[in-house]
Structure formats: C-alpha cells, structure tokens
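Report on the following structure.
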Protein chains: 2
Amino acid sequence: MGMTGITIQEASRTSGLSAHTLRYYERIGLVPEVGRDAAGHRSYTGADLAWLEFLTKLRRTGMPIADMCRYAELLRRGPETAAERRRILQEHRERVLERIAQLNGDLAVLDRKIDMYHEMESS
Amino acid sequence: MGMTGITIQEASRTSGLSAHTLRYYERIGLVPEVGRDAAGHRSYTGADLAWLEFLTKLRRTGMPIADMCRYAELLRRGPETAAERRRILQEHRERVLERIAQLNGDLAVLDRKIDMYHEMESS
DNA sequence: GTGCACCTTCGAGCGCACTCGAAGTCAAGC
DNA sequence: GCTTGACTTCGAGTGCGCTCGAAGGTGCAC
C-alpha cells in the first residue's frame, strides 16, 4: 500500500488553499504535522485532505481560526474529548442557522430595493 | 416641523454601530455629511438612520466597504445613476444567493458530523 | 466660575487571516 | 558539475474594517 501522498502544490489545488496557507495552518496547529518524503518535503495523505476539506467548511461558515484550533487540539487529545467537540460543532451550527436566517432577511430587503429600481425605470 | 434629529450616541444605539464607526463611515463618504446642531454636534435625521440601516444590511451580507462607497457616490450623483445602482445590487444579490446555498451545504456537513458524534456517544 | 458630560477632529493602532519574500536545501536533467 | 525549479523555514508585511486615544470645544448644573 503506497500511501505516497501528494505535494503541497497538489494539495493546494485540491483544497483551494494556497501553499502558504497550508504551511500557516500547520504551524498554528490547525493541521497536525504533515508527513515528509525523502527530501523533507510535505506529503499530504487522503486523511490530511479530508481534514482540510472539513476545515474549509468550518472557515467558510465563519468559525474563527482560534476555535478551529481548539477543535483540532481536542481531536489530538483523543476520544474522551468527543463530547466537547460535539458541543463546539452544535454551538457553531446554531450560529450558522442564525446567519442563514439573517441573510435571508437581508436578501428580502435587497429584492425589494431592486424591485423599486425596476418600477422607477418602467415609469 | 422640528427635524431636530438625534445625537450620535442615540444614533449609535439605534443603528447598532459605534459612534466611532458612525464618524468613520462619514469621513470615508459612506454616509453623506450629517447635519449639525448649534454646538456643531452631529444631528441624525430619520433619513440618515434609514440609510444606516440599509448600509448595515449590505455590510452584513458581505458587501465590501469600497462597493458601498461606490453605491453611495452614485446615489449622490443623482437619478441618472439609478440603472448602475440597480446593477450593483443585482450582482450583490447573486453573491448573497450563492453564499446562502454554500452555507446550507456546509450546514448539512456539520449536521452529519454532529449526528456522528451522537452515534459515537450512544454506542 | 468650575466641574462635568458629551461632543469635536485627527492620526495612529489593532485583530484577524492570511500573504509574501528572503535565504537556503535538494533532486533531476542536461 | 551546474542550472532549474520546487521545496524548506522564518519573520515581516498587507488589507480590511474598524477602534481607540489624545487634545480640545461647548453648554448646562451647581
């Protein structure tokens, strides 16, 4: 089983994060130390990529880096932190729901404003 | 008709923006020059507050300050800029829709992850 | 008339999340 | 054996959107 892994450039393309950002995430402890090849270059595994994908979803939904670091650290500490990890995700979920509701509300205002412009133009 | 207006502190409470932010918005041209009372203090009218409310909706939906400034400037230029203003809002609307769709997608992943934790805990 | 609260301008500072660049290492190709 | 190019570490720089603080003015209460 050659778990060879891919280079940082390929991981960048796959994850949508820049190579700079991938190294940054690693040094702040957001991503566990990535394996290295013979030359000392980073070698990203499928598990690394899956974790990065999950992280980008958390980021996109507005979770601060600090909170993601906390989650990552709990994960490293092992299964006894599962309950707290779940709590973090649930609280975040609530914030995302609120965010979506707010966006829908603001979207409605935007739509009304746009309609107003259409009426103005047709009169 | 006493269009007396309210102080910056009251406008801050009403709009949810800090007094510092209100002055900042004014100096970058996001808010047209607010009227002054006898003492030279800002006096916010209903129109000012309505504009601030609209601005906060644009901000909350992720419109960059620079774009809002552009919109504000078009508004100052008069009715012949209405079509372009509508275009700006429509393009923004599209981005908001995408954003909502993405959030819903990410929320689904979050939900699955949370379910996973529940299953872990109940086994 | 003096304390006080609240306002004013102005420019500097901050927090977040990257983003970049310098300087060096290493392996492959010619 | 030398160039090329992608990688490495490290610390400093950037952009955005505020946020703050210093220094001073104004008007009212006592």
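So you know, we letter chains A, B, ... as the sequences are listed, proteins then strands, and number each from 1. Any value given below was found using the heavy atoms of this structure, including those in side chains, with hydrogens, waters and symmetry copies removed.
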- Item | Distance, rounded to the nearest Å, where A:I28 contributes CD1 and C:dA17 contributes P | 8 Å

- Presence of salt bridge, B:R87 and B:E84, under 4.0 angstrom: yes

- Message: Assuming nearest nucleotide by heavy-atom distance, tell me which of B:A66 and B:R23 is located more 5' along DNA chain D.
- Response: B:A66

- A:R59 near the nucleic acid: base, sugar-phosphate alone, or nothing, with a heavy-atom cut-off under 4.0 Å? sugar-phosphate

- Message: Output the rounded distance in Å from CD (B:Q9) to C1' (C:dA5).
- Response: 11 Å

- Task: Give a yes or no on whether a donor-acceptor pair under 3.5 Å exists between the nucleobase atoms of D:dT19, that is its base, and the side chain of B:R27.
- Result: yes

- Upstream residue (5' side of DNA chain C) when A:H20 and A:P64 are each assigned their closest nucleotide: A:P64

- Query: Reading nucleotides 25-30 of chain D from the 5' end, what letters show protein touch, with B for base, S for backbone sugar-phosphate only, - for no heavy atom under 4.0 Å?
  - Reply: -SS---

- Item | Under 3.5 Å donor-acceptor, A:T61 side chain and A:V96 backbone | no

- Task: May I ask you to verify if any side-chain N or O of B:Y24 is less than 4.0 angstrom from the OP1 or OP2 atom of D:dC20?
- Result: no

- Determine whether any donor atom in the side chain of A:R36 lies under 3.5 Å from an acceptor atom in the base of C:dT25, or the reverse, and answer yes or no. no

- Task: Could you tell me whether the side chain of A:Y44 reaches within less than 4.5 Å of the side chain of A:T14, counting heavy atoms only?
- Result: no

